[in-house]
Colleague: 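Handing you a structure now.
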Amino acid sequence: MLPALAQFRVEVSGVGLTQLPIALVPFKGQDSSPQKISDIVQADLERSGQFRGVDASGQALDEASRPDLSLWRQRTADSLVVGSVTRLADGRFDVKFRLWDVVKGQDLGGQSYTVPQGDLRLASHRIADFVYEKLTGEKGIFSTRIAYVTKGGSRYSLWVADADGENAQAALASPEPIISPCWSSNGQQLAYVSFESRKPVVYVHNVASGQRRLLANFKGSNSAPAWAPDGNSLAVTLSRDGGSQLYTIPASGGEPRRLTQSASIDTEPVYSADGSTIYFVSDRGGAPQIYKMSASGGNPTRVTFSGTYNISPSVSGDGRWLAYISRIGGAFKLQVMELATGNVASITDTNADESPSFAPNSKLIVYATHLQGREALMTTTLDGKIKARLAGQAGDIREPDWGPFQKQ
């Protein structure tokens, strides 16, 4: 394994309309722990756009305490998280927590995790998931992972990191470009395009073992892999028969089946969550726009109509939203379309946005952009109100893809 150079710090900006005020008391014993559990949980919750932290200083509580909830009501907290972290004799850590509804005076439950030191962050993300789900009714995404590519000097690296960008592990390094990483729906494999043989070739990489296999190395270009939700096949863009067209190919490899028949460039396929539809980019109308068609092929229909240049589609897991990049007056800007109405919102004030990807709960988008002259990973709520920067030190950052929910 290469050293994890890409260390991230989360900076949250913006104010949402209805954020739940939550107090996270520093976990008992966390001063002697290598990770500050309550700080990680608070950063996760704030980044979601649904919570804002309330001052929890001056209180010493743990999961066994019976807190004075009137005090927390005075501090305007609606909920309270308390807990502890204890180092065990075998070197592992016992992390325990409890969540209180301050307004109703209810104990909302808690959990405990016994983890090695390297999993303290994961335990923190699981606590944030528990709190998020209890208080919003939606599944939390803090223990999921993202993949992205960095370029440092002449070296390209494919990274797998926690959803907050921390704990990055290098999956692959190459002197030639690596592009288009795409998670399988079970979170165990990444497809990507590598130029190591001096032309674009598609590989499938097992994240746990680090082993990979060649998926598409046909004549011409092999690019833009996208997993079908059932994991049995991928859509890819191949130029083997002339221009760039869409094909499906079995995940085990084999002969591709052509989906589009056009004289234009058809590329960047993505599946809807139910696997029935493929969205893709085509210049068949003269300029790049986003189209959709049945996953088995057939006549495409155009989806984007605002602007003359729309690329990089990403569909939310709940099927309600399409994120994409639009070129507007020379700037590349992240757009979010409500598919039922066709209404489009431009949600960033940056000018070099790229590669949007939805969180598996459809509530956040990760994308790459330029901020203060450097490339950065950002997350944003769908209304653009709350953004968080996941800013790395390992060169240019690009092409993020948000992985699925982890099987616990």
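None of the values given here were measured: they were computed from a predicted structure. Values below: every heavy atom of this structure, side chains too, minus hydrogens, waters and symmetry copies. Here, residue 1 is the first one in the sequence, and each next residue gets the next number.
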Colleague: Can you tell which of D283, T260, T237 makes a side chain to side chain donor-acceptor pair (under 3.5 Å) with T267?
Modeller: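 When side chain to side chain donor-acceptor pair (under 3.5 Å) is applied between T267 and each of D283, T260, T237, only T237 qualifies.
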Colleague: Can you tell me if Q406 and R126 form a side-chain donor-acceptor pair at under 3.5 Å?
Modeller: no
Colleague: S362 and W321: side-chain donor and acceptor closer than 3.5 Å?
Modeller: no
Colleague: Drop me the distance from E138's CD to T136's OG1, to the nearest 0.5 angstrom.
Modeller: 5.5 Å
Colleague: Q335 pairs by side chain to side chain donor-acceptor pair (under 3.5 Å) with which of S346, S312, S306, S326?
Modeller: S346
Colleague: For this output row, return yes or no: ring centroids of F130 and F97 closer than 6.0 angstrom.
Modeller: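 F130 vs F97: aromatic centres under 6.0 Å.
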Colleague: Identify which one of T369, I325, N351, I347 satisfies the side-chain contact (heavy atoms from CB on, under 4.5 Å) criterion when paired with K333.
Modeller: N351
Colleague: Using side-chain contact (heavy atoms from CB on, under 4.5 Å) as the criterion, point out the one residue from V25, I22, L61 that pairs with V81.
Modeller: I22
Colleague: Does the salt bridge (charged side-chain N to carboxylate O under 4.0 Å, His left out) test come out yes or no for R98 and D107, once each step is laid out?
Modeller: CA-CA 8 Å; R98 189 157 297 283; D107 173 354; 3.1 Å; yes
Colleague: Can you find a side-chain donor-acceptor pair between Q35 and S124 that sits under 3.5 Å?
Modeller: no
Colleague: Could you walk me through whether D164 and F142 satisfy the side chain to side chain contact (heavy atoms under 4.5 Å, CB included) test, starting with their C-alpha distance in whole Å, then the side-chain angles of each, then the deciding distance to 0.1 Å, before giving a yes or no?
Modeller: CA-CA 7 Å; D164 60 357; F142 309 112; over 6 Å; no
Colleague: Could you verify whether a donor N or O on one side chain and an acceptor N or O on the other, from S185 and W227, lie under 3.5 Å apart?
Modeller: no
Colleague: If we ignore angles and hydrogens, is there a donor and acceptor under 3.5 Å between the side chains of S194 and E196?
Modeller: yes
Colleague: Could you go through the side chain to side chain contact (heavy atoms under 4.5 Å, CB included) check for R52 and V54 one step at a time?
Modeller: CA-CA 7 Å; R52 62 177 174 83; V54 170; 4.3 Å; yes
Colleague: What's the shortest heavy-atom distance between A226 and P269, and which atoms?
Modeller: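 Scanning both residues completely, I find the closest heavy atoms to be CB-O, 3.1 Å.
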